[in-house]
Amino acid sequence: MNAKQTVFDYLTQAGIAYDYYEHPAAPTIEIARRYWRDDGSRHCKNLFFRNHKGNRHYLVVFDCDRTLAVRDLEQRLRQGKLSFASEQRMMKYLGLRPGSVSPFGLINDTGNEVYLFLDRNLSEAPFLSFHPNDNTGTVVISRDGFLKFLAICGNRYEFTDLY
């Protein structure tokens, strides 16, 4: 089964409504902007980090129109020194390749080892958009649907001020 279909099946089985549209591969925000629809959703940037020891992993989600400096993020999250996780770690914990990172990768984290940090501003957005674990499409989901998704996945998460 392909990555997109896994996401669609998961959301459907959970009774979570979503919209989906396809577009050419968009591994970066700059490229994705060319294809996003004006659908009222908050498009998100998703970064995958590990701590200095490599024994903790974090997915950080924030508004794509904002930027984050890793050093500032370290101070805000108080998780010690952070670095981007390797492609191997990304595959191991999220089942994803670079350019397709999304909270939907938590479907593949059956051990709930990845901690999710979400920018507090996202808690006010009525709709959010993410890749469906494949960068050739966009899923638009309501905030409530997204929170239901997170509850079902079981990973720990928090909304926090990232900038």
Side-chain angles (χ1 to χ4, degrees), residues 1-4 6-7 10-11 14 16 25-33 36 41-125 127-139 141 143-163:
M1 185 178 300
N2 72 40
K4 286 191 276 194
T6 299
V7 172
Y10 194 94
L11 295 174
I16 299 172
T28 66
I29 295 295
E30 294 72 28
I31 295 170
R33 286 182 196 283
W36 284 335
S41 69
R42 183 80 49 92
H43 297 284
C44 298
K45 188 166 190 171
N46 311 281
L47 301 176
F48 188 53
F49 293 99
R50 58 171 276 231
N51 70 348
H52 181 67
K53 292 181 181 179
N55 62 349
R56 291 191 182 146
H57 296 83
Y58 310 98
L59 182 58
V60 178
V61 180
F62 57 99
D63 186 322
C64 73
D65 291 328
R66 303 296 301 251
T67 58
L68 291 176
V70 175
R71 299 300 163 241
D72 293 341
L73 189 62
E74 289 171 347
Q75 290 181 356
R76 289 192 180 277
L77 300 183
R78 295 184 176 100
Q79 299 298 313
K81 183 171 171 39
L82 299 176
S83 58
F84 288 103
S86 67
E87 186 173 346
Q88 292 79 12
R89 286 175 187 270
M90 191 179 296
M91 182 56 71
K92 177 181 177 180
Y93 292 99
L94 297 175
L96 301 175
R97 299 205 180 282
S100 296
V101 176
S102 157
F104 295 129
L106 297 175
I107 292 169
N108 301 314
D109 181 22
T110 57
N112 300 116
E113 297 185 56
V114 176
Y115 193 91
L116 183 64
F117 286 104
L118 300 139
D119 181 60
R120 188 175 313 283
N121 294 316
L122 298 180
S123 68
E124 299 169 10
F127 292 92
L128 303 166
S129 9
F130 306 100
H131 285 313
N133 293 347
D134 179 304
N135 64 22
T136 61
T138 296
V139 167
I141 187 171
R143 175 188 57 240
D144 292 342
F146 181 63
L147 292 175
K148 181 177 180 181
F149 165 79
L150 293 178
I152 293 167
C153 282
N155 291 70
R156 292 179 304 131
Y157 70 92
E158 66 183 87
F159 285 94
T160 190
D161 295 314
L162 294 180
Y163 26 78

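Keep in mind it's a predicted model, so treat the numbers as computed, not measured. Numbers here simply count residues along the sequence, with the first being 1.
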Polar contact flag, side-chain donor to acceptor under 3.5 angstrom, T67-K45 = no
Rounding to 0.5 Å, atoms CD (E113) and CG (L106) come to a distance of 12.0 Å
Heavy-atom pair of closest approach, residues C64 and I29 = CB-CD1, 3.8 Å
Okay, side chain of R42, backbone of L128: is any donor-acceptor separation there less than 3.5 Å?
-> no
Please check if the side chain of N133 supplies one atom and the backbone of K4 the other of a donor-acceptor pair under 3.5 Å.
-> no
Non-hydrogen side-chain atoms of S83 and H52 separated by less than 4.5 Å = no
Sub-4.5 Å side-chain heavy-atom contact between Q79 and N51 | no
Exercise: do Y115 and N155 side chains pair donor with acceptor under 3.5 Å | no
Go through the steps to decide whether D72 and Y163 satisfy the test side-chain hydrogen bond (donor to acceptor under 3.5 Å, both in side chains), and finish with yes or no.
-> CA-CA 8 Å; D72 293 341; Y163 26 78; over 6 Å; no
Do the non-hydrogen side-chain atoms of S100 and N135 ever get within less than 4.5 Å of each other?
-> yes
Hey, could you give me the CG/CG distance between L77 and L162, rounded to the nearest 0.5 Å?
-> 6.0 Å
Are S129 and H43 linked by a side-chain donor-acceptor pair shorter than 3.5 Å?
-> yes
Could you tell me whether a side-chain N or O of N112 sits under 3.5 Å from a main-chain N or O of C153, the two making a donor and an acceptor?
-> yes
Any donor-acceptor pair under 3.5 Å linking the side chain of S102 with the backbone of H131?
-> yes
R97 atom CZ: more than 12 heavy-atom contacts under 6.0 Å = no
Side chain proximity check, F117 to E158, heavy atoms < 4.5 angstrom = yes
In Å, rounded to the nearest 0.5 Å, how long is the span from CZ of R76 to CG of D119?
-> 9.0 Å
Report the C-alpha separation of D109 and K92 in whole Å, then their side-chain angles, then the decisive distance to 0.1 Å, and conclude whether the salt bridge (charged side-chain N to carboxylate O under 4.0 Å, His left out) test is met.
-> CA-CA 8 Å; D109 181 22; K92 177 181 177 180; over 6 Å; no
Within the 6.0 Å centroid threshold, strictly below: F130 and F146 = yes
Specify the closest pair of heavy atoms between V7 and P132, including all atoms of both residues, with the distance to one decimal.
-> CG2-O, 3.7 Å
Is any side-chain heavy atom of D134 closer than 4.5 Å to a side-chain heavy atom of N2?
-> no
Test of ring centre spacing under 6.0 Å for F84 and F48 | no
Side-chain touch L118/S123, heavy atoms, less than 4.5 angstrom = no
Is the closest side-chain heavy-atom distance between M90 and V101 below 4.5 Å?
-> yes
Measuring from N46:CG to F104:CZ, what's the distance to the nearest 0.5 Å?
-> 9.5 Å
For the residue pair K81 and R71, establish whether any side-chain heavy-atom pair is separated by less than 4.5 Å.
-> yes
Just wondering, are more than 12 heavy atoms of other shown residues or ligands nearer than 6.0 Å to CZ in R89?
-> yes
